[in-house]
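The structure displayed is predicted, hence computed values, not measured ones.
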Amino acid sequence: MKEGTVGYFLRQGTHGWETLLGERAPECRFHPGKWMGPGGKSDPGENPETCVIRESEEETTARPTDVQHFATINYYDFVSAWQEAVTVS
């Protein structure tokens with residue numbers, strides 16, 4: 001099973017809590033056009049927290065601090081038989 005991460009980063013803004021989201025490209029294989037936090041596949045031996053920081057820097061140039069594990073979701077797509085364990089930080 002592949003392993004990946006997605007990060008939902010919160011900060012206190014002037015009008016309440018804010019989160020960083022990006023729109024997936026229309027040509028993406030999974031969830032095209034959807035809005036979600038930065039993330040991606042883990043490199044071999046990489047822990048989820050390091051992965052979500054690296055992916056965030058690659059996708060947004062933002063380097064999150066104080067990353068904490070929230071949940072692990074085992075995902076299975078019945079159409080494509082894609083399996084993935086996603087860690088949400």
Side-chain angles (χ1 to χ4, degrees):
M1 181 179 310
K2 298 197 182 285
E3 293 185 6
T5 61
V6 63
Y8 292 99
F9 308 114
L10 301 173
R11 72 175 184 183
Q12 184 67 46
T14 55
H15 301 289
W17 288 100
E18 300 173 337
T19 188
L20 176 64
L21 299 175
E23 184 179 15
R24 294 179 59 87
E27 63 273 5
C28 283
R29 182 174 174 191
F30 297 103
H31 313 294
K34 303 291 184 194
W35 288 84
M36 60 190 315
K41 305 293 178 281
S42 299
D43 288 341
E46 185 176 46
N47 69 41
E49 291 80 8
T50 303
C51 177
V52 79
I53 291 169
R54 177 182 54 76
E55 288 287 346
S56 177
E57 288 179 312
E58 289 175 3
E59 295 176 11
T60 69
T61 71
R63 182 174 177 79
T65 58
D66 193 26
V67 175
Q68 299 174 16
H69 176 264
F70 178 73
T72 299
I73 302 166
N74 292 318
Y75 173 79
Y76 182 81
D77 184 90
F78 289 96
V79 175
S80 65
W82 176 266
Q83 296 183 51
E84 184 172 19
V86 177
T87 298
V88 180
S89 297

*For side-chain contact (heavy atoms from CB on, under 4.5 Å), just list the numbers for I53 and V67, CA-CA rounded to whole Å, side-chain angles, deciding distance to a tenth of an Å, and then say yes or no.*
CA-CA 8 Å; I53 291 169; V67 175; 3.7 Å; yes

Cut-off 3.5 Å, no hydrogens considered: what does the side-chain donor-acceptor table look like for residues 18-28, sequence neighbours left out?
unit_1, atom_1, unit_2, atom_2, d
E18, OE1, R11, NE, 2.7
E18, OE1, R11, NH2, 3.1
T19, OG1, F9, O, 3.1
R24, NE, F30, O, 2.8
R24, NE, H31, O, 3.4
R24, NH2, F30, O, 2.8

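Nearest heavy-atom pair, G37 versus V6, reported as atom, atom and distance to 0.1 Å: O-CG2, 3.3 Å. Annotation for T50 and N47: closest pair N-OD1, 2.7 Å, computed over non-hydrogen atoms. Taking all atoms of both residues into account, the shortest heavy-atom contact from T5 to S42 is CG2-OG, 4.3 Å. What you find for A62 and P64 is that their closest heavy atoms are O-CD, 3.4 Å.
With sequence neighbours left out, D43 forms a side-chain contact (heavy atoms from CB on, under 4.5 Å) with E46, R54.
A side-chain donor-acceptor contact under 3.5 Å links T60 to the backbone of S56.
Under the 4.5 Å side-chain contact rule for hydrophobic residues, F70 and L10 do not share a cluster.
Listed by first and then second residue, the salt bridge (charged side-chain N to carboxylate O under 4.0 Å, His left out) pairs that reach into residues 63-73 are E57-R63, sequence neighbours excluded.
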